[in-house]
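Both counts, for ligands and for their atoms, begin at 1 and track the order of listing. All values below come from the heavy atoms of this structure, side chains included, with hydrogens, waters and symmetry mates left out.
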Amino acid sequence: MASLDSPITIVRPHLIEFGVGTAGKLGKWAAEKGYRRTLVISDAFNASRIDVLELKGEVSVFAEVTPEPDTANLEKVLAAANRADAELIVGFGGGSAMDLAKLAAVLAGSAQTLHAVVGPNKVHGPRKVALAQVPTTSGTGSEAGIRALVTDPATMAKLAVESLHMLADIAVIDPALTFSVPARTTAATGVDAMAHCVEAFTNRKAHPMVDIYAIEGTRLVGKYLARAVRDGNDAEARAGLSLASLYGGFCLGPVNTAGGHALAYPLGTRWHVAHGAANALIFPHVLAFNTPSAPEKTKAVMEALGRETSGNVTSVFDAAYAFCAELGIEMKLSGLGVPESDLDAMADDAFAIRRLLDNNPRDLSRADIRSIYAVAF
Ligand SMILES: NC(=O)c1ccc[n+]([C@@H]2O[C@H](COP(=O)([O-])OP(=O)(O)OC[C@H]3O[C@@H](n4cnc5c(N)ncnc54)[C@H](O)[C@@H]3O)[C@@H](O)[C@H]2O)c1
Ligand SMILES: [Fe+2]
């Protein structure tokens, strides 16, 4: 793990508006900047309420973002962006909409294709349009980051694009927009936010400058997630989760996730399990597996979640499993419809995600991954 004197680069959106009832600040900001043509990239649910953003001028809406978007969905977004010729692109939705907005902002009207920009720092700048992000789930923290993920249907792998040119000019985080998130999605996305924090905290690249957000984000999820699952209109709990999600986003930039996300991805790409639900199912397994390599930090994580453990692997597993299961999350692969015959292929896919596995505090062999899937089944 890095120490205080290790170099680190931190980036943030130029402006972050946070708080219940702030959604309309986007329109005021855009008007002050003088943007006349805006394209909002959204899913069907959020597209039906873009009025809350109070955007003026010519506003077009792409309303067909699908969860865990694939390259075909991105192609449609790019076609819409080329037609709209907007001065401002707004991602309005969960991580799926925000990630496609990032890619639209750099790829529309550009000679570069998606495949040319996969990986870190491949995008040619400068970006020609302004970019705003308005999250409506509290999970991904994508509003604060420089990554976008799209599934390639040919390989069933997530293509990760990382570029400073995809950083938002403004992020407007209005927890009231998340009141309508159903309890199940609230639970899953909340654990996703926590997983970003925990996997950054126990990461090989963990850094004190990020740890502070990681542990506080974990604490916020421990304090507020069950409350928000019980009562979606609990404004304080929703705000706590929106903040946890943002802090998780701060963790993703310079440190990123590790084994948990690597093992969760094949559930989403191969079996269309929602990103948060996949992470929640995997979370206790990888946290327990990593415990011997990060005992102090694992203890701090469990304390932040409000769970006492003796610090041994079994008690960490039981406490982390209970935390997720009590939120009503399905914790068995078989319960999600994943067939046992696919576990080998899933282990192959997960083992190939080196960009994340190499961050894990303890080496995860293919056999380790396969046996975690077997236990989770
Ligand atoms: N860029 C990053 O750093 C990053 C980090 C983590 C995850 N991701 C990506 O983000 C995606 C997942 O994002 P997500 O978990 O936010 O889910 P999502 O964006 O796929 O949305 C999930 C579902 O919730 C609905 N929804 C969204 N907001 C709602 C609201 N307020 N009320 C009711 N329904 C609402 C959507 O229509 C959708 O059906 C994945 O593709 C994942 O890979 C990106
Ligand atoms: Fe995630």
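- Atoms of ligand 1 lying under 4.0 Å from any heavy atom of Asn46, numbered from 1 in the order shown and given with element: 27 (C), 28 (N), 29 (C).
- Of the listed options Ser96, Ser245, Gly94, Ser96 places a heavy atom closest to atom 12 (C) of ligand 1.
- Here the heavy atom of the protein found nearest to atom 40 (C) of ligand 1 is Glu68 OE2, 3.5 Å.
- Thr202 contributes atom OG1, which lies 13.0 Å from atom CZ of Arg362 (distance to the nearest 0.5 angstrom).
- Atom CE of Met156 sits in a crowded spot, with more than 12 heavy atoms from other residues, nucleotides or ligands closer than 6.0 Å.
- Looking only at heavy atoms of the protein, atom 35 (C) of ligand 1 is closest to Phe45 CD2, 4.0 Å.
- Less than 4.0 angstrom separates some heavy atom of Leu149 from each of these atoms of ligand 1: 8 (N), 43 (O), 44 (C).
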| query | How far apart are the C-alpha atoms of Glu216 and Arg219, what are their side-chain angles, what is the distance that settles it, and do they pass the salt bridge (Lys or Arg N to Asp or Glu O under 4.0 Å) test? | reply | CA-CA 5 Å; Glu216 177 61 8; Arg219 197 188 64 79; 2.7 Å; yes

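- Ligand 1 has a nitrogen or oxygen under 3.5 angstrom from a nitrogen or oxygen of Leu177.
- The environment of CD1 in Ile212 is sparse: at most 12 heavy-atom neighbours from other residues, nucleotides or ligands sit within 6.0 Å.
- Thr66 pairs in a side-chain hydrogen bond (donor to acceptor under 3.5 Å, both in side chains) with only one of the listed residues (Thr151, Asn73, Asp43), which is Asn73.
- Between His275 and Tyr265, the angle of the ring planes lies from 30° to 60°, which puts this pair in the tilted group.
- Atom 27 (C) of ligand 1 lies below 4.0 Å from at least one non-hydrogen atom of the protein.
- Against a heavy-atom cut-off of under 4.0 Å, Asp99 is close to the following atoms of ligand 1: 1 (N), 2 (C), 8 (N), 9 (C), 44 (C).
- Near Leu252, the atoms of ligand 1 lying under 4.0 angstrom from a non-hydrogen atom of the residue are 3 (O), 5 (C).
- Ring planes of Trp29 and Tyr35: tilted class, angle from 30 to 60°.
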| field | Stepwise salt bridge (Lys or Arg N to Asp or Glu O under 4.0 Å) check, Glu303 with Lys299 | value | CA-CA 6 Å; Glu303 275 169 19; Lys299 190 162 172 276; 3.5 Å; yes

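- Ligand 1 has at least one atom lying under 4.0 Å from a heavy atom of His196.
- Ionic pairing of Lys158 and Glu68 is present here: one or more N-O contacts between side-chain nitrogen and carboxylate oxygen are shorter than 4.0 angstrom.
- Of the N or O atoms in Lys158, one or more lie within a sub-3.5 Å distance of an N or O in ligand 1.
- Heavy atoms of Arg49 come nearer than 4.0 angstrom to ligand 1 in at least one pair.
- Against a heavy-atom cut-off of under 4.0 Å, Pro69 is close to the following atoms of ligand 1: 41 (O).
- Excluding waters, the set of protein N, O or S atoms lying under 2.8 Å from the Fe ion (ligand 2) comprises Asp192 OD1, His196 NE2, His261 NE2, His275 NE2.
- Nearest protein neighbour of atom 32 (N) of ligand 1, counting heavy atoms only, is Ser180 OG, 2.8 Å.
- Taking the six-membered ring for Trp and the full ring otherwise, the centers of His261 and His196 sit less than 6.0 Å from each other.
- By the definition of a contact as any protein heavy atom under 4.0 Å away, atom 44 (C) of ligand 1 is in contact.
- With respect to Asp358 and Arg204, no salt bridge is recorded, no charged nitrogen being found less than 4.0 Å from a carboxylate O.
- Arg307 has a carboxylate O that lies under 4.0 Å from a charged side-chain N of Glu326, or vice versa, which qualifies the two as a salt bridge.
- Taking a cut-off of under 4.0 Å to the non-hydrogen atoms of Thr189, the atoms of ligand 1 that pass are 15 (O).
- In summary, the atoms of ligand 1 found under 4.0 Å from a heavy atom of Thr137, numbered by their order in the structure, are 16 (O), 27 (C), 28 (N).
- For Arg49, the CZ atom counts as densely surrounded, since its 6.0 Å shell holds more than 12 non-hydrogen atoms of other residues, nucleotides or ligands.
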| field | Residue pair Lys122, Glu162: steps toward the salt bridge (Lys or Arg N to Asp or Glu O under 4.0 Å) verdict | value | CA-CA 8 Å; Lys122 300 267 180 63; Glu162 183 182 325; over 6 Å; no

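- In terms of protein heavy-atom proximity, atom 23 (C) of ligand 1 is nearest to Pro67 CG, 4.7 Å.
- Selection from Asp192, Thr185, Thr257 by nearest heavy atom to atom 24 (O) of ligand 1 gives Thr185.
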| task | For the pair Trp271 and Asp342, evaluate side-chain hydrogen bond (donor to acceptor under 3.5 Å, both in side chains) and give the outcome as yes or no after the intermediate values. | result | CA-CA 10 Å; Trp271 297 101; Asp342 202 52; 2.6 Å; yes

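- Between Asp43 and ligand 1, an N or O atom pair is found at a separation short of 3.5 Å.
- Shown here is Lys33, whose NZ atom has no more than 12 heavy atoms of other residues, nucleotides or ligands within 6.0 Å.
- Checked by distance only, ligand 1 and Thr178 stay at 3.5 Å or farther apart across all their nitrogen or oxygen atoms.
- In terms of polar-atom proximity, defined here as any N/O pair under 3.5 Å, Thr136 does make such a contact with ligand 1.
- Of the charged side-chain nitrogens involved, none lies within less than 4.0 Å of a carboxylate oxygen, so that Asp85 and Lys128 do not count as a salt-bridged pair.
- Within 6.0 Å of CD in Glu58 there are 12 or fewer heavy atoms belonging to other residues, nucleotides or ligands.
- Relative to atom 13 (O) of ligand 1, the option among Gly249, Ala144, Gly95 with the closest non-hydrogen atom is Gly95.
- Heavy-atom proximity to Lys102, at under 4.0 Å, picks out these atoms of ligand 1: 1 (N).
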